Each structure stands twice: as structure tokens, then as C-alpha cells.
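Worksheet: one structure, shown below.
Note that the coordinates shown come from a computational prediction; the quantities given were computed from them, not determined experimentally. Worth knowing before you read on, the calculation uses all heavy atoms, side chains too, and leaves out hydrogens, waters and symmetry mates.
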Amino acid sequence: MRQKRKPNDGATLEQGVLACWPAHYSMPDLAIPSLVDSNGKVKKRWNSSLWVGFLFVLAGFLSYPFFARFPITRDFPWANFLLFGVGGILLLVGLVRAFGKPQSYRGKIVGPILAVLSVVVFGFFSYLIFYELRQLPSSTGAPRLGEKAPTFTLPDQDNNQVSLADLLSAPASSASTAKANAVLLIFYRGFW
């Protein structure tokens, strides 16, 4: 027959389990080593959400050179922001655990420190992406719309030198003898 459960009067977890256990079973050495220490107090668990979240934030910051190689993530770093978002959610879960259940989870000191560091890293990344990388030098010497292009000689995709004068003096097509009166220039951005 089960014993009636008494209100918690400082009993350990082991004593609480024994009080609810049927009397005809003998369990003299019941202990849960991962939850109870030698003094009978509940051990605090490692708050892994904080650390994993911070690692995701660092991965979001440090992986930008890797993701910048691909055209789909070069112009807008959505993959980095996805890593920042996952890291932020995990940090928030870890902070809720640390402050909501301080008797069960660690992290009341380390959690806010990691959260502040993550916000600083995210802020610095956003500053670099949205401000610093957009600061292009002024193009005062560049030709305006409708102006004649200056003469130039540049390498093409096969590394052959091509000049504007050669393009304008060449026939418009192989069947025609008329000269071209316009040139369309396409600049490839390449990998950087």
C-alpha cells in the first residue's frame, strides 16, 4: 500500500521517490547519481542551450567569407542571419532556463555575458554588412548616361586584349560590311 505523500519539508529527491514507492518492494539503495549529490541536494545541470547558441552566433559571424563565395548568399547574407537567428533562439531558451529554473540549470552568470557578447557580435556584423561594405568611393570620373565612353583596352574572358576602338571599327556582323556604331559592355564581377 502506498504511503500518503507529505508536503516537501526539505526531503531529498531520493526520500520523495521512496515515499511514493509501494511498500512491498524493497529498494534500500535507491539513488539517482546524475540528479542528487552526496549531500542529498539536487545537482544543477549544464545549460547547453547557452553555449550552443553562442557557438551558432560565432558561426554566423565567422562563416561570412565562406558564404560570400556563392552567388545566392553573396549579395544578401541570409545564411549568416539564419545562423544568428538559431543562435539567438537557443540563447533565449538558455536564459529562460537559467533564470526560470535556477535550482535545476546553471547559467545565471555566464548566460547574460554570452547574450551580451552575441548581441555585440551581431551588431558588429550588421554594421559591416549594411554600412561599411556599402561605402563605395564616389564615381566623379565615371562617364554619365549618354556621354561618350573613354578609350580603353581590357582583357576579355579568354584573356585577349580588346579595345573600344577595335570594337567600333569591326563589322557589325560577319555577313555585313557596315561598321558598328554602338558597343554593349558587360563586366563580370568574378569571385572575390
Side-chain angles (χ1 to χ4, degrees), residues 34-35 42-168 182-192:
S34 64
L35 298 177
V42 177
K43 288 183 181 178
K44 290 185 177 185
R45 289 188 274 178
W46 189 61
N47 199 345
S48 60
S49 297
L50 291 172
W51 294 99
V52 173
F54 185 67
L55 288 177
F56 267 91
V57 169
L58 285 180
F61 181 73
L62 297 175
S63 64
Y64 180 73
F66 171 74
F67 287 123
R69 288 192 241 164
F70 306 106
I72 195 165
T73 55
R74 181 183 307 133
D75 295 329
F76 185 78
W78 60 268
N80 298 90
F81 285 121
L82 182 66
L83 289 171
F84 278 120
V86 169
I89 290 170
L90 288 172
L91 277 166
L92 186 63
V93 167
L95 286 173
V96 167
R97 281 182 179 175
F99 286 98
K101 300 176 185 178
Q103 68 278 6
S104 299
Y105 288 100
R106 298 177 182 185
K108 282 182 82 172
I109 295 173
V110 174
I113 293 171
L114 292 178
V116 167
L117 286 174
S118 297
V119 168
V120 167
V121 167
F122 177 73
F124 183 66
F125 181 80
S126 297
Y127 170 76
L128 289 176
I129 295 299
F130 294 118
Y131 183 73
E132 283 294 322
L133 293 180
R134 304 287 189 239
Q135 299 300 313
L136 296 174
S138 63
S139 58
T140 56
R144 302 284 176 219
L145 187 63
E147 288 183 24
K148 186 175 179 183
T151 58
F152 63 85
T153 302
L154 295 172
D156 65 0
Q157 69 271 10
D158 298 324
N159 214 14
N160 298 324
Q161 297 296 321
V162 178
S163 69
L164 180 61
D166 292 342
L167 292 173
L168 289 173
V183 174
L184 175 65
L185 300 176
I186 300 174
F187 293 94
Y188 291 104
R189 185 166 148 173
F191 295 101
W192 48 275

message = Just so I know, are the side chains of L50 and F54 near enough to count as touching, which here means a heavy-atom distance under 4.5 Å?
response = no
request  = With sequence neighbours excluded, tell me which residues meet side-chain hydrogen bond (donor to acceptor under 3.5 Å, both in side chains) with R97.
outcome  = S49
key: Residues forming a side-chain contact (heavy atoms from CB on, under 4.5 Å) with T73, sequence neighbours excluded   = F67, F70, W78, A79
ask   = Roughly how far, to the nearest 0.5 Å, is CG of L154 from OG of S163?
value = 9.5 Å
With V52 via side-chain contact (heavy atoms from CB on, under 4.5 Å) - residues at least two apart = F56, L90
Set of residues satisfying side-chain contact (heavy atoms from CB on, under 4.5 Å) with respect to F122, sequence neighbours excluded = F81, F84, S126
request  = Return yes if some donor-acceptor pair links the side-chain N/O of N47 with the main-chain N/O of G94 below 3.5 Å, else return no.
outcome  = yes
ask   = Does atom CZ of F124 have more than 12 heavy-atom neighbours, drawn from other residues, nucleotides or ligands, at distances under 6.0 Å?
value = no
ask   = Going from CG on L95 to OH on Y105, what distance comes out if it is rounded to the nearest 0.5 angstrom?
value = 13.5 Å
message = So does R69 get a backbone contact from the side chain of R74, meaning a donor-acceptor N/O pair under 3.5 Å?
response = yes
query = What pair of heavy atoms forms the shortest contact from G60 to N80, and how long is it?
reply = O-ND2, 2.7 Å
key: Distance (rounded to the nearest 0.5 Å) between L167 CG and L164 CG   = 6.5 Å
query = Can you tell me how far NZ of K108 sits from CD1 of I113, rounded to the nearest 0.5 angstrom?
reply = 13.5 Å
query = Quick one: CH2 on W46 to CZ on R106, what's the gap to the nearest 0.5 Å?
reply = 10.0 Å
task = Would you name the heavy atoms of Y127 and E132 that are closest together and state the gap between them?
result = OH-OE2, 2.6 Å
key: Results of side-chain contact (heavy atoms from CB on, under 4.5 Å) for N159 - residues two or more places apart only   = P155
query = Which atom pair, heavy atoms only, marks the closest approach of I129 to P77?
reply = CG2-CG, 3.9 Å
inquiry  = With a 4.5 Å cut-off on side-chain heavy atoms, are V162 and D166 touching?
reply    = no
remark   = Scanning both residues in full, the closest heavy-atom pair of P112 with G107 reads CD-O, 3.8 Å
task = Verify, without hydrogens or angle tests, whether D158 (side chain) and N160 (backbone) share a donor-acceptor contact under 3.5 angstrom.
result = no
query = Is the side chain of S63 donor-acceptor paired with the backbone N or O of F66 at a distance under 3.5 Å, no angle test?
reply = no
inquiry  = Restricting to side-chain hydrogen bond (donor to acceptor under 3.5 Å, both in side chains), what partner residues turn up for S48, sequence neighbours left out?
reply    = none
ask   = Can you tell if the side chain of L55 reaches within under 4.5 Å of the side chain of W51, non-hydrogen atoms only?
value = no
